[in-house]
Amino acid sequence: MVRLATLSEEPINDEEDGSGTTNTSKKWRNWFKSHFFNKKPNLKILLSVLACPLFPVPPHPKSPINEVSSSAQYIIQHFTAATGCRKLEGTVKSVFATGKVAMGVVDEFGGVVSERGCFVMWQMFPDKWQIELVVAGHKVAAGSDGTVAWRHTPWLGAHAAKGGVRPLRRAVQGLDPLAVSGVFSAAQYMGEKQISGIDCFVLKLSADQKDLVDRSDNTAEMIKHVTFGYFSQRNGLLVYLEDSSLTRIQSPGTHPTYWETTMSTKIDDYRMVDGVRIAHAGRSTVFITRFGDNLKAGSAITRLEESWTIDDVAFNAPGLSMDYFIPPKELQKDYPQEHLDWKSPLHT
């Protein structure tokens with residue numbers, strides 16, 4: 001049996017050689033040609049990048065109080081008070097949310113033709129989640145059972161995520177205040193900055209070296225992955241989220257190529273849901289920059305955009321069980337049972 005490849009967070013192609021294994025050099029060359037030099041927006045690049053990206057870092061335990069972390073802790077305490085999310089602890093075991101998206105590729109003239117779709121998301125605290133998103137008839141699903149994170153697309157099937165379980169980025173975009181407070185609890189305070197006319201405190205998180213190694217392979221080296229959270233000084237809410245990654249791609253016998261992907265999200269429309277403030281709208285912009293000494297035409301830049309709204313949020317959704325978070329059968333066959341111990345209620 002051919003072992004399932006782990007999920008790359010860079011856009012990928014599904015072309016295979018005759019043995020059923022992906023030819024890496026051909027994969028990247030064809031992806032460059034089909035996505036960067038094709039004027040027509042391609043749903044594969046939109047869904048690969050925008051549908052269900054993972055947050056750059058996993059939740060961290062609270063770090064020892066010091067001069068830097070104490071400032072961050074104050075900001076997070078302000079955030080938790082502003083959202084009222086501590087009410088969720090011990091009383092809320094699951095969340096159900098539905099929403100709509102519009103996403104597209106921006107052309108060289110600034111125009112964009114958007115494809116519209118919708119998504120549904122389930123989450124069971126603390127680290128089990130699943131999302132299904134459909135755009136223009138194409139469905140992408142992703143999930144985590146607390147041990148294995150995975151994604152399924154029509155063109156690649158099921159793949160495990162490199163580097164272990166991390167939160168879904170959509171959850172950290174104000175939809176899950178507990179996840180926001182969890183991931184930023186060990187952040188570094190970077191000072192103050194005005195963004196979109198709002199005076200903000202800035203917190204920074206970086207993937208550590210072990211995470212970067214775990215998310216690399218023999219052709220793709222993850223060099224950095226950092227994220228910045230911008231919290232309003234006035235009301236304490238998370239209003240802007242930005243993360244940036246840099247990856248070095250090199251197949252044997254070729255020159256290295258570098259990919260830098262930056263995703264920025266403006267978070268808006270916080271509303272009360274059972275006494276907790278939840279963000280109900282936002283807009284994301286992604287810049288994918290490809291550069292290297294072997295690129296005769298210079299750097300190639302692709303810009304993607306997405307707007308999203310939340311239609312409904314419900315806590316403690318009836319009927320939601322551990323069965324919703326079982327990985328796909330392909331992954332169950334491929335991973336040792338200890339890595340797929342999703343603790344079915346039948347065994348507790």
Handout entry: All pairs passing salt bridge (Lys or Arg N to Asp or Glu O under 4.0 Å) where residues 304-319 contributes a residue, at least two apart
Key =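 Matches after skipping sequence neighbours: Lys100-Asp311, Arg170-Glu306, Arg283-Glu305, Arg303-Glu305.
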
Handout entry: salt bridge (Lys or Arg N to Asp or Glu O under 4.0 Å) contacts in which one or both residues fall within residues 235-245, not counting sequence neighbours
Key =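 Residue pairs with at least one partner in residues 235-245: Arg169-Asp243.
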
Holding to side-chain contact (heavy atoms from CB on, under 4.5 Å), I want the full list of residues that pass it with [X], two or more places apart in sequence or in another chain.
{"X": "Gln194", "answer": "Asp199"}
{"X": "Ala102", "answer": "Ser114, Arg116, Ser307"}
{"X": "Asp127", "answer": "none"}
{"X": "Ser216", "answer": "Glu221, Met222"}

Please identify each residue that fulfils salt bridge (Lys or Arg N to Asp or Glu O under 4.0 Å) with [X], with sequence neighbours left out.
{"X": "Asp214", "result": "Lys210"}
{"X": "Arg271", "result": "Asp269"}
{"X": "Lys139", "result": "Glu132"}
{"X": "Asp268", "result": "Lys266"}

Exercise for the section: Decide side-chain contact (heavy atoms from CB on, under 4.5 Å) for Val286 and Thr261; before the verdict, give the C-alpha distance in whole Å, the side-chain angles of both, and the deciding distance to 0.1 Å. Expected result: CA-CA 7 Å; Val286 178; Thr261 304; 3.9 Å; yes

In this structure, would [X] and [Y] fall into the same cluster of hydrophobic residues linked by side-chain contacts under 4.5 Å?
{"X": "Trp155", "Y": "Met103", "answer": "yes"}
{"X": "Phe125", "Y": "Val165", "answer": "no"}
{"X": "Leu156", "Y": "Val134", "answer": "no"}

Side chain [X], main chain [Y], donor-acceptor under 3.5 Å:
{"X": "Ser144", "Y": "Gly146", "result": "yes"}
{"X": "Ser251", "Y": "Thr254", "result": "no"}
{"X": "Gln209", "Y": "Val213", "result": "no"}
{"X": "Glu115", "Y": "Ala136", "result": "no"}
{"X": "Thr83", "Y": "Phe79", "result": "yes"}
{"X": "His225", "Y": "Ile223", "result": "no"}
{"X": "Arg151", "Y": "Ser48", "result": "yes"}
{"X": "Asn316", "Y": "Thr91", "result": "yes"}

Roughly how far apart are [X] [atom1] and [Y] [atom2], rounded to 0.5 Å?
{"X": "Leu241", "Y": "Thr265", "atom1": "CG", "atom2": "OG1", "value": "5.5 Å"}
{"X": "Thr262", "Y": "Phe287", "atom1": "OG1", "atom2": "CZ", "value": "8.5 Å"}
{"X": "Cys200", "Y": "Phe228", "atom1": "SG", "atom2": "CZ", "value": "13.5 Å"}
{"X": "Ile75", "Y": "Thr80", "atom1": "CD1", "atom2": "OG1", "value": "12.0 Å"}
{"X": "Ile326", "Y": "Asp145", "atom1": "CD1", "atom2": "CG", "value": "9.0 Å"}
{"X": "Gln130", "Y": "Tyr324", "atom1": "CD", "atom2": "OH", "value": "9.5 Å"}

Practice task
In sequence, state the C-alpha distance, the side-chain angles, and the governing distance for Leu133 and Leu47, and then conclude on side-chain contact (heavy atoms from CB on, under 4.5 Å).
Solution key: CA-CA 9 Å; Leu133 182 145; Leu47 295 176; 3.7 Å; yes

So which atom in [X] and which in [Y] form the shortest heavy-atom distance, rounded to 0.1 Å?
{"X": "Leu205", "Y": "Ala187", "value": "CD2-CA, 3.5 Å"}
{"X": "Ala51", "Y": "Ile131", "value": "O-CD1, 4.5 Å"}
{"X": "Pro56", "Y": "Arg166", "value": "O-CD, 3.6 Å"}
{"X": "Gly84", "Y": "Val276", "value": "O-CG2, 3.7 Å"}
{"X": "Ala279", "Y": "Ile267", "value": "CB-CG2, 3.4 Å"}
{"X": "Ala220", "Y": "Ile249", "value": "CB-CD1, 3.6 Å"}

Considering only heavy atoms from C-beta outward, does the side chain of [X] approach that of [Y] to under 4.5 Å?
{"X": "Ile310", "Y": "Ile278", "result": "no"}
{"X": "Cys52", "Y": "Val140", "result": "yes"}
{"X": "Phe315", "Y": "Ser94", "result": "no"}
{"X": "Pro58", "Y": "Asp211", "result": "yes"}
{"X": "Arg290", "Y": "Thr257", "result": "yes"}
{"X": "Val49", "Y": "Ile288", "result": "yes"}
{"X": "Thr227", "Y": "Lys204", "result": "no"}

Exercise for the section: Could you check whether the rings of Tyr230 and Tyr240 sit parallel, tilted or perpendicular, using 30° and 60° as the cut-offs? Expected result: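 Perpendicular.
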
Exercise for the section: Please lay out, stage by stage, how Thr98 and Val313 fare under the test side-chain contact (heavy atoms from CB on, under 4.5 Å). Expected result: CA-CA 7 Å; Thr98 61; Val313 178; over 6 Å; no

Exercise for the section: Assess the pair Phe231 and Phe201: is the distance between their ring centroids shorter than 6.0 Å? Expected result: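 Distance test on ring centres: not under 6.0 Å, no.
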
List, one per line, each side-chain donor-acceptor pair under 3.5 Å for residues 175-184, sequence neighbours excluded.
{"residue": "Asp176", "atom": "OD1", "partner": "Leu178", "partner atom": "N", "Å": "3.1"}
{"residue": "Asp176", "atom": "OD1", "partner": "Ala179", "partner atom": "N", "Å": "3.2"}
{"residue": "Asp176", "atom": "OD2", "partner": "Gln123", "partner atom": "NE2", "Å": "2.5"}
{"residue": "Ser181", "atom": "OG", "partner": "Pro177", "partner atom": "O", "Å": "3.4"}
{"residue": "Ser181", "atom": "OG", "partner": "Leu178", "partner atom": "O", "Å": "2.9"}

Exercise for the section: For Tyr258, check ring-ring contact (aromatic ring centres under 6.0 Å, His included) against everything at least two apart and list the hits. Expected result: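 ring-ring contact (aromatic ring centres under 6.0 Å, His included) check on Tyr258 returns Phe291.
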
Exercise for the section: Output, in order, the C-alpha distance, side-chain angles, deciding distance and verdict of side-chain contact (heavy atoms from CB on, under 4.5 Å) for Leu237 and Arg277. Expected result: CA-CA 9 Å; Leu237 298 174; Arg277 289 189 184 276; 4.3 Å; yes

